[in-house]
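See below for the structure under consideration.
Start at 1 and go down the list; that is how both ligands and their atoms are numbered.
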Amino acid sequence: MIIRKSPAELEKMRRSGLLVYRVLQTLAGMVEVGVSTLELENAAEKLILDAGARPAFKGYYSAAAGNRYPYVLCTSVNDEIVHGMPSRNKVLKRGDIISIDTGVQLDGYFGDSAITVGVGEISPQLVKLLAVTQESLERAIDKARPGNRLFDICSTVQKHVESNGFTIVREFVGHGIGTELHEEPQVPNYVDRNNENPRLKEGMVLAIEPMVNAGKPQSKVLSDRWTAVSQDGSASAHFEHCVAVTKDGPWVLTRP
Ligand code: MF3
Ligand code: CO
């Protein structure tokens, strides 16, 4: 069942969304050569707690991992796709790309967003990977309108990514979001005709999150049970926004 949110609930989700936005913007400003991913983690935790919110990822139980995620952030560098874990020993170098993904729960409602940024100057190929991934998200957001269907979102991401020579990671998907971090429906970044294709209705909120590899699409999970990397070692980008379906069109909750 897809839970639809009232206007009052969307206002609460808006507050969560704007907090996540502020955290990510602050962290993006901290990214530079020599900074460790644990420094980003510590800054994020303080911002979230100071805002009276709860970090949504810390303590999140994954059946696949068989344990609880121990950090506020996922920091996924270069060939890491998602769920990279912050570490004092992971120090950013010139030319790296880093996906920073975080979520909060504020007044009962969740917000979840991710960005990928370059460290210093990055190669033209990586510039294109980031641009295409972000564009695929923007084009998909525009499909989040009453009367459209879920596959309009999925196919829009897929077409833009694949027509630009990059590949879609299939093992991880976007999701509905509300009083749970992960609600129905799943939001894949590709069309599989075996999946359900519900019509989008006012009050639905979707976390759309393309994960895009520069090389082959296959992923694997490292022995830490969380970090997902590309099998071929190619770079991977990730952007995410929470979007409400409203009668006036898509409302991106996770940016001003
Ligand atoms: N943005 C990701 C998601 O929505 C991050 C989840 S990390 C976890 O699935 F720790 F919460 F699992
Ligand atoms: Co998400």
key: Worked verdict on Asp232 versus Lys216 for salt bridge (charged side-chain N to carboxylate O under 4.0 Å, His left out)   = CA-CA 7 Å; Asp232 65 3; Lys216 293 196 168 71; 5.3 Å; no
Please check if the side chain of [X] supplies one atom and the backbone of [Y] the other of a donor-acceptor pair under 3.5 Å.
| X | Y | result |
| --- | --- | --- |
| Ser36 | Lys90 | no |
| Asn213 | Phe166 | no |
| Asn197 | Phe151 | yes |

ask   = In order of chain and number, which residues sit within 4.0 Å of ligand 1 by heavy atom?
value =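 Shell around ligand 1 (4.0 Å, heavy atoms): Phe57, Tyr60, Tyr69, Cys74, His83, Asp101, Asp112, His175, Leu181, His182, Glu209, Trp226, Glu240.
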For the student: nearest non-hydrogen atoms of Glu39 and Met30, plus distance =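 Smallest heavy-atom distance, with atoms named: O-CE, 3.9 Å.
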ask   = Ser16 and Val104: which non-hydrogen atoms are nearest, and at how many Å?
value =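 Distance-wise, the nearest heavy atoms are O-CG2, 3.6 Å.
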Show me the side-chain donor-acceptor pairs of residues 171-187 shorter than 3.5 Å, one per line, residues at least two apart or across chains.
{"residue": "Glu171", "atom": "OE1", "partner": "Ser219", "partner atom": "OG", "Å": "3.1"}
{"residue": "His175", "atom": "ND1", "partner": "Leu181", "partner atom": "O", "Å": "3.0"}
{"residue": "His175", "atom": "NE2", "partner": "Asp112", "partner atom": "OD2", "Å": "3.0"}
{"residue": "His175", "atom": "NE2", "partner": "Glu209", "partner atom": "OE2", "Å": "3.1"}
{"residue": "His175", "atom": "NE2", "partner": "Glu240", "partner atom": "OE2", "Å": "3.4"}
{"residue": "His182", "atom": "ND1", "partner": "Tyr60", "partner atom": "OH", "Å": "2.5"}
{"residue": "Glu183", "atom": "OE1", "partner": "Lys5", "partner atom": "NZ", "Å": "2.7"}
{"residue": "Glu183", "atom": "OE2", "partner": "Gly178", "partner atom": "N", "Å": "3.4"}
{"residue": "Glu183", "atom": "OE2", "partner": "Thr179", "partner atom": "N", "Å": "3.0"}
{"residue": "Glu183", "atom": "OE2", "partner": "Glu180", "partner atom": "N", "Å": "3.2"}
{"residue": "Glu184", "atom": "OE1", "partner": "Met1", "partner atom": "N", "Å": "2.7"}
{"residue": "Glu184", "atom": "OE2", "partner": "Met1", "partner atom": "N", "Å": "3.3"}

query = Looking at Tyr190, is Arg170 sitting on its ring face, NZ or CZ under 6.0 Å from the six-membered ring centre and within 45 degrees of the normal?
reply =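 Output yes; distance and angle both within limits.
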request  = Show all protein N/O/S atoms under 2.8 Å from the Co ion (ligand 2), or state that there are none.
outcome  =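 The answer, once waters are left aside, is Asp112 OD2, His175 NE2, Glu209 OE2, Glu240 OE2.
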task = Name all pairs fulfilling the salt bridge (Lys or Arg N to Asp or Glu O under 4.0 Å) condition that reach into residues 50-73, sequence neighbours left out, sorted by first residue then second.
result =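 Qualifying pairs: Glu45-Lys58, Lys46-Asp50.
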